[in-house]
Student: 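The structure under discussion is supplied below as structure tokens; questions concerning it will follow.
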Amino acid sequence: MNDMPEGASARYDFAAAEPRWQSAWEDARCFAVPDVPPAGARKYYVLEMFPYPSGKIHMGHVRNYTLGDVVARYKRARGHLVMHPMGWDAFGLPAENAARERGVHPGEWTYANIAAMRAELKRMGLSLEWDREFATCDPEYYGQQQRLFLEFMRAGLVERKESWVNWDPVDGTVLANEQVIDGRGWRSGAPVEKKKLSQWFFSITKFAPDLLAALDGLDRWPERVKLMQANWIGRSEGARVRFAMAEAVDGVAEVEVFTTRPDTLFGMSFLAVAAEHPLAAAAAARDPKAAAFIAECRALGTSEAAIEQAEKQGFDTGFRVCHPFTGQEYPVWIANFVLMEYGTGAIFGCPCGDQRDLDFARKYGLPVPQVVMPRGADPATFAVGTEAFTDDGVIINSAFLDGLGVAEGKRAAIAELERLGAGQGVTNWRLRDWGVSRQRYWGCPIPVIHCDGCGAVPVPDDQLPVVLPQDVDFSRPGNPLDHHPTWKHVPCPRCAKPARRETDTCDTFVDSSWYFARFCSPRAQQPILREAASWLPVDQYIGGIEHAILHLLYARFFTRALHGMGALPTPEPFAGLFTQGMVTHASFRAADGRWLYPGEVSLDAEGNATETATGAAVAIGRGEKMSKSKNNTVDPGAIIARYGADTARWFILSDNPPERDMEWSESGVQGAFRFTQRVWRLVANLAEVDAPDEAAGRKLRQATHRAIAAVTDAWEGFAFNVAVARLHELANAIADAARAPLAARQEALEALLRLAAPAMPHLAEEAMARLRPGAALVATMPWPEADPALLKAETVTLAVQVLGKLRATIEVPADADEATIFALAEAEENVKRALDGKPVRKRIHVPGRVVNLVA
RNA sequence: GCGGCCAUGGCGGAAUGGUAGACGCGCUAGCUUGAGGUGCUAGUGGGGGCAACCCCGUGGAAGUUCGAAUCUUCUUGGCCGCACCA
């Protein structure tokens, strides 16, 4: 390229161009939309899960916000009125940890982090409307949340109940599950205890049937997320069965269990209760060994995963219950795998039909009666060994149920229970009410005042917001709000006698359960302006799969509740959901377990790694989630400074499908960088002379319009890595078409820029300004349209298979008839050889694809 | 433990049940360049063959089908969630 004009080969200067175009978009207010979408506007609300302000953006954020920005820019070009806001999920534990560790106030720490992260996000060139920004720790936000809390109270959706928390007896603090490590407090190292506290709950279980049923209507949600939610809500049909105590204990004459398998009642071997069950308490009062066993169970903490993974253990209380059908007596055990929160906190153990019960029975030498066998098995000899039989089968050894299948058995058993008055068929839900109380400072204060005379009194409207006090002491363990000298002492709003403020704050999931609605009217003097809420539902929500259950379910509950109160126009918050994968990076670990930085490691030609300083072998972790503790983070700020925002965005889109985990690689970024430079060169080096090779022109125009169609489909369908591949192909086609007429080359280049603009918006603007000086901002241009005439092919290539194996390809006119096609196929030398003279018995033709000859 | 998902060349991946490996990274060879973290050209799943071609191949095993990366069953490995991390 010696003959290029001076300066034409100059590199694309992203460092100068990117801030310039960011200002241009801002000056033109390209991304601002009215609070109330005008009548007739095609509104489209794009939202990425807002970040926790940790202080630095990480690659997961870059990925999340790049994906959202592609959607926002694409939809804008397709003529939608796009709302695309950003804010901060700003309450939570890390700010308190910083306060305790470094003496900085959580608010100060959080707002400094927000300022730093906002600046980093702005460098990415996201098409965000920053005017709508807020942080959940702003009193303007959490004050409105307090109004919602009181509205929920009035609607009967708030309850006060007791529940268990992890308690660190040394620190005198409630611990989050993640702060419990191997049953001990993360700071004190003391064994955790379960402690019962009176706390506030949202009655999400009232909505369980609705939340389940409405999943069917969420047609733009991933199936797996809907499945996980359905399983979480956990509707199950079964029975409650009352077992009379052989002898009443502390006045308790019966135990109620929930079971989904009433058909196996005759297979009972024991009854087991949770460690928190009243009968367990009664046993503990009589027997110190029972008390010790319960204490052991409590040491497991509240995490369900930890409880269920623990070795199955039990303790025989000595109490006995009578079987409702036979009157036979069975022992009552306390078992560490029975959950107080599910069903009634008690189960009947049927070892032959349930794996956990079987493991338990084998461990403690309890009988294993056989009551269900596979169809066709011999009842005289059938017996489960170490594996329970849980499939459908035939009921045996079960009196009136003998010979029935599982489903009929359930119905018959329930009918009998109801006739005897010993139980009834019920629908049970796994979903529990949502405990929102947190004994922490950095959260939204729950707007309630406790009065000895009047009970829990809502804070009156004119006293809202209840603002967090600034002067708090983090040198002591526990909740600073609770030991603040004055804050909690207030008169009762009802009787004016001395009373106490609620010192619990809200779970941060509450903050994120309505922020998407607040974005519609972020400065309103009420939580949500009804007219502005017509932006809802969010048309496309994007975030991590780790939120598939809790956050999304809570947000659905909030929206449903607010819809019921008339505050929102829709019962569902997110019409479309996309869940992205994590960003991972190779990690290096020495034999002694130290995580090494990439700079400390040498790689040889075979890909083996050694520690440079010592020569010792190093284990290479296949991509692991980026984490400071593993020394495998990549700082987006450094990448953007070195390669530019467009390169970072392009690489993160091109590497793999967005729903999968992606591995960050330096060479991949360099490849993306080279492509941005290549696009710039194609435009900058455009030879403005006409070279009228019409055939080359037609070929290029076909490539252009096929790219328009393919890239449009790919952006539309979240196949972002495919969009990138098709754009590479278009760039290749342009590079190969030097002899095509100028108009065709210009058309192709312009299409390339506009199709790539959602991903590399700055370069698209800079190159467009060069290609067509004086053109409008690409950010405001409509989406290119493919010309259908140029999408049609004159001929098609068909694969010819013999018995399903490829033997030849034939080129036929697009409108060739089948007889011609089969004749051509069978005339191929290779096909004849494969047929080996055998007659063709069957001919299959899939138009445009394949011919298969069956001999 | 329970629930959910994923698996294709050296690497990331593409492929309405219809030519497996598009596109990119990396690598190899050549050219270009004063230089290269530059550009261009060609090649690049494994095996056999001078070639035409042939055989094998989508974590593993079996099945459905004219035809399976794609559907079904089982299995192995990895990842996500499990209610106080966000």
Side-chain angles (χ1 to χ4, degrees), chain A residues 1-2 9 11 49 51-52 54 89 91-94 165-166 174-180 222-225 227-228 230-232 234 302-310 312 337 341 355-356 359 430-440 507-509 512 544-551 553-554 579 581-582 584 607 622 625 651 654-657 659-663 665 667-668 670-675 677-678 681 719 721-722 724-729 732 735 797-809 829-830 833 841-844 846 848-854:
Chain A
M1 309 225 168
N2 306 323
S9 68
R11 285 195 160 200
M49 291 179 184
Y52 179 80
S54 59
D89 188 12
F91 275 136
L93 274 178
V165 294
N166 298 310
V174 177
L175 297 175
N177 279 336
E178 72 155 15
Q179 296 174 326
V180 178
E223 284 305 319
R224 59 177 165 151
V225 173
L227 243 177
M228 281 191 263
N231 289 334
W232 185 263
T302 59
S303 153
E304 197 170 308
I307 291 166
E308 294 210 5
Q309 272 168 58
K312 312 264 170 298
F337 61 89
E341 288 81 15
Q355 193 60 45
R356 285 188 303 187
D359 295 344
R430 207 185 76 96
L431 184 67
R432 308 200 294 259
D433 276 335
W434 174 14
V436 296
S437 287
R438 298 291 181 271
Q439 294 69 41
R440 314 200 185 282
D507 179 6
T508 55
F509 274 126
S512 54
I545 185 69
E546 67 274 20
H547 293 293
I549 296 175
L550 291 179
H551 161 58
L553 192 63
Y554 291 149
T579 53
M582 294 185 305
T584 67
R622 344 173 328 144
K625 184 172 182 168
F651 172 59
S654 65
D655 188 60
N656 69 350
E659 67 274 17
R660 281 199 219 167
D661 289 353
M662 76 168 283
E663 171 134 354
S665 81
S667 53
Q670 285 170 12
F673 179 74
R674 283 201 293 271
F675 184 72
Q677 294 295 344
R678 183 164 189 232
R681 249 189 343 265
N721 56 324
V722 180
V724 166
R726 297 289 96 85
L727 287 165
H728 274 284
E729 285 173 348
N732 290 343
T797 307
L798 291 179
V800 182
Q801 299 176 338
V802 177
L803 285 162
K805 275 188 191 282
L806 180 71
R807 295 301 171 185
T809 58
E829 273 310 311
N830 230 23
R833 190 164 352 113
R841 287 187 291 120
K842 191 170 174 185
R843 295 177 176 83
I844 290 146
V846 181
R849 295 280 182 180
V850 77
V851 170
N852 192 8
L853 304 172
V854 184

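Note that the structure is a prediction, hence the values are computed from the model and not measured. Lettering of chains follows the sequences in order, A, B, ..., and the numbering in each one begins at 1.
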Student: If you look at every strand shown and take non-hydrogen atoms under 4.0 Å, does A:Ser512 touch a base, only sugar-phosphate, or nothing?
Tutor: nothing
Student: Counting only side-chain N and O atoms of A:Asn721, is one of them less than 4.0 Å from OP1 or OP2 of B:A14?
Tutor: yes
Student: Report the distance from atom NE2 of A:His728 to atom P of B:A14, rounded to the nearest whole Å.
Tutor: 14 Å
Student: When you compare the protein's N or O atoms with those of nucleotides 3-6 of chain B, which come within less than 3.5 Å of each other, and at what distance?
Tutor:
from, atom 1, to, atom 2, distance (Å)
B:G3, O3', A:Asn231, ND2, 3.0
B:G3, O2', A:Asn231, ND2, 2.7

Student: Considering every strand and a 4.0 Å limit on heavy-atom distances, what is the contact class for A:His551: base, sugar-phosphate, or nothing?
Tutor: nothing
Student: Quickly work out the A:Arg681 CZ to B:G39 C1' distance and round it to whole Å.
Tutor: 6 Å
Student: Taking 4.0 Å as the cut-off, does a side-chain nitrogen or oxygen of A:Arg678 come that near to OP1 or OP2 on B:C40?
Tutor: yes
Student: How many Å lie between CG on A:Asp655 and P on B:A22, as a whole number?
Tutor: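 Taking atom P of B:A22 as the reference, CG of A:Asp655 is at 17 Å.
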Student: Could you pull out all residues at least two apart from A:Tyr52 that satisfy ring-ring contact (aromatic ring centres under 6.0 Å, His included)?
Tutor: none
Student: I'd like to know if the side chain of A:Arg438 and the backbone of A:Asp507 have a donor-acceptor N/O pair within less than 3.5 Å.
Tutor: no
Student: Mind checking A:Pro657 for me? I need base, sugar-phosphate or nothing, with any heavy atom below 4.0 Å counting as a touch.
Tutor: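 Sugar-phosphate, no base atom in range.
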Student: Determine the interatomic distance between C1' on B:G60 and the same-named atom on B:U76; round to the nearest Å.
Tutor: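 Looking at atom C1' only, B:G60 and B:U76 are 7 Å apart.
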Student: Go ahead and name the base partner of B:C27; Watson-Crick or wobble counts if both distances stay under 3.5 Å, otherwise write none.
Tutor: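 Looking at the geometry, B:C27 pairs with B:G43.
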Student: Need one value for A:Thr797: base, sugar-phosphate or nothing, where a base atom within 4.0 Å counts as base even if backbone is also close, heavy atoms only.
Tutor: base
Student: What pairs with A:Arg843 under salt bridge (charged side-chain N to carboxylate O under 4.0 Å, His left out), at least two apart in sequence or on another chain?
Tutor: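 For A:Arg843, the residues satisfying salt bridge (charged side-chain N to carboxylate O under 4.0 Å, His left out) (neighbours in sequence not counted) are A:Glu826.
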Student: Got a sec, which residues hit ring-ring contact (aromatic ring centres under 6.0 Å, His included) with A:His551, two or more places apart in sequence or on another chain?
Tutor: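 ring-ring contact (aromatic ring centres under 6.0 Å, His included) list for A:His551, sorted by chain: A:Tyr541, A:His547.
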Student: Go along nucleotides 63-73 of chain B 5' to 3' and tag each nucleotide: B for a protein heavy atom under 4.0 Å from its base, S when only backbone or sugar atoms are that close, - otherwise.
Tutor: ---BS------
Student: When the distance from CG of A:Leu727 to P of B:A22 is rounded to whole Å, what number comes out?
Tutor: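 So the CG-P distance, A:Leu727 to B:A22, works out to 18 Å.
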Student: Using purine N1 to pyrimidine N3 plus N6-O4 or O6-N4 for Watson-Crick, or N1-O2 and O6-N3 for G-U wobble, both under 3.5 Å, which nucleotide pairs with B:C82?
Tutor: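 Paired with B:C82, as far as the under-3.5 Å criterion goes, is B:G1.
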Student: Give A:Ala548 one of three labels, base, sugar-phosphate or nothing, depending on what nucleic acid heavy atoms sit under 4.0 Å from its own.
Tutor: nothing
Student: Once each nucleotide of nucleotides 42-59 of chain B is scored for protein heavy atoms under 4.0 Å, what B/S/- sequence comes out, 5' to 3'?
Tutor: -----------SSSS---
Student: Can you tell me the Watson-Crick or wobble partner of B:C6, both distances under 3.5 angstrom?
Tutor: B:G77
Student: In whole Å, what is the span from the CD atom of A:Glu304 to the P atom of B:C85?
Tutor: 14 Å
Student: Could you state the atom-to-atom distance from CD of A:Glu729 to C1' of B:A15 in whole Å?
Tutor: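 Result: 13 Å.
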Student: Can you tell me how far C1' of B:G1 sits from CD of A:Gln355, to the nearest Å?
Tutor: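 Those two atoms, CD and C1', are 11 Å apart.
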Student: By the 4.0 Å heavy-atom rule, please label A:Gly544 as base, sugar-phosphate, or nothing.
Tutor: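 The residue A:Gly544 makes no contact with any strand.
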Student: Distance between the C1' atoms of B:G49 and B:C54, in whole angstroms?
Tutor: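 Their C1' atoms lie roughly 8 Å apart.
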Student: Name the closest nucleotide to the A:Arg726 side chain, picking from B:A22, B:A86, B:C23.
Tutor: B:A22
Student: What about A:Glu308: does its side chain form a donor-acceptor pair under 3.5 Å with the base of B:C82?
Tutor: no
Student: When you get a sec, tell me which of B:C80, B:G18, B:C84 is the closest nucleotide to the side chain of A:Arg440?
Tutor: B:C84
Student: Should A:Thr508 be listed as having a side-chain N or O under 4.0 Å from OP1 or OP2 of B:A86?
Tutor: yes
Student: Could you check which of B:A86, B:C80, B:C84 has an atom nearest any side-chain atom of A:Asp89?
Tutor: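 From the listed options, B:A86 comes nearest.
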Student: With sequence neighbours left out, write down each residue that passes side-chain hydrogen bond (donor to acceptor under 3.5 Å, both in side chains) with A:Arg833, or none if nothing qualifies.
Tutor: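 side-chain hydrogen bond (donor to acceptor under 3.5 Å, both in side chains) list for A:Arg833, sorted by chain: A:Asn830.
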Student: If I pick the P atom on B:A20 and the same atom on B:G57, what distance separates them, to the nearest angstrom?
Tutor: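 About 13 Å, rounded to a whole number of Å.
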Student: Across all strands shown, which nucleotide pairs with B:C71 by Watson-Crick or G-U wobble geometry, both distances under 3.5 Å?
Tutor: B:G63
Student: Can you identify which nucleotide, out of B:C85, B:C25, B:C80, has its nearest atom closest to the A:Arg674 side chain?
Tutor: B:C25
Student: Kindly write out the residues that satisfy ring-ring contact (aromatic ring centres under 6.0 Å, His included) with A:Phe673, not counting sequence neighbours, or none if the list is empty.
Tutor: A:Tyr643
Student: Restricting to salt bridge (charged side-chain N to carboxylate O under 4.0 Å, His left out), what partner residues turn up for A:Arg849, sequence neighbours left out?
Tutor: none
Student: Once salt bridge (charged side-chain N to carboxylate O under 4.0 Å, His left out) is applied, do any residues pair with A:Asp655, and if so which ones, sequence neighbours excluded?
Tutor: none
Student: Pick the P atom in B:G36 and in B:C27, then give their distance to the nearest Å.
Tutor: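 Looking at atom P only, B:G36 and B:C27 are 15 Å apart.
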Student: Using the side-chain heavy atoms of A:Asp661, tell me which of these nucleotides is nearest: B:G18, B:C79, B:G13.
Tutor: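 The closest nucleotide is B:C79.
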Student: Syn if the chi torsion is within 90° of 0, anti otherwise; quick check, which is B:G9?
Tutor: syn
Student: Just jot down the side-chain hydrogen bond (donor to acceptor under 3.5 Å, both in side chains) partners of A:Arg432, sequence neighbours excluded, or say none.
Tutor: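 If we apply the side-chain hydrogen bond (donor to acceptor under 3.5 Å, both in side chains) test to A:Arg432, skipping adjacent residues, there are no hits.
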Student: Between A:Phe509 and A:Tyr554, just flag the one whose closest nucleotide in RNA chain B comes earlier from the 5' side.
Tutor: A:Tyr554
Student: Is B:A14 paired to anything, Watson-Crick or G-U wobble with both distances less than 3.5 Å, and if yes, which nucleotide?
Tutor: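 Across all strands, not a single nucleotide pairs with B:A14.
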Student: Could you check which nucleotide pairs with B:U19 in any of the strands shown, counting Watson-Crick or G-U wobble with both distances under 3.5 Å?
Tutor: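 Paired with no nucleotide.
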Student: A:Asp661: what forms a salt bridge (charged side-chain N to carboxylate O under 4.0 Å, His left out) with it, not counting sequence neighbours?
Tutor: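 A:Asp661 satisfies salt bridge (charged side-chain N to carboxylate O under 4.0 Å, His left out) with no residue once adjacent residues are dropped.
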Student: Please give, in whole Å, the distance from B:C84 C1' to A:Glu341 CD?
Tutor: 13 Å
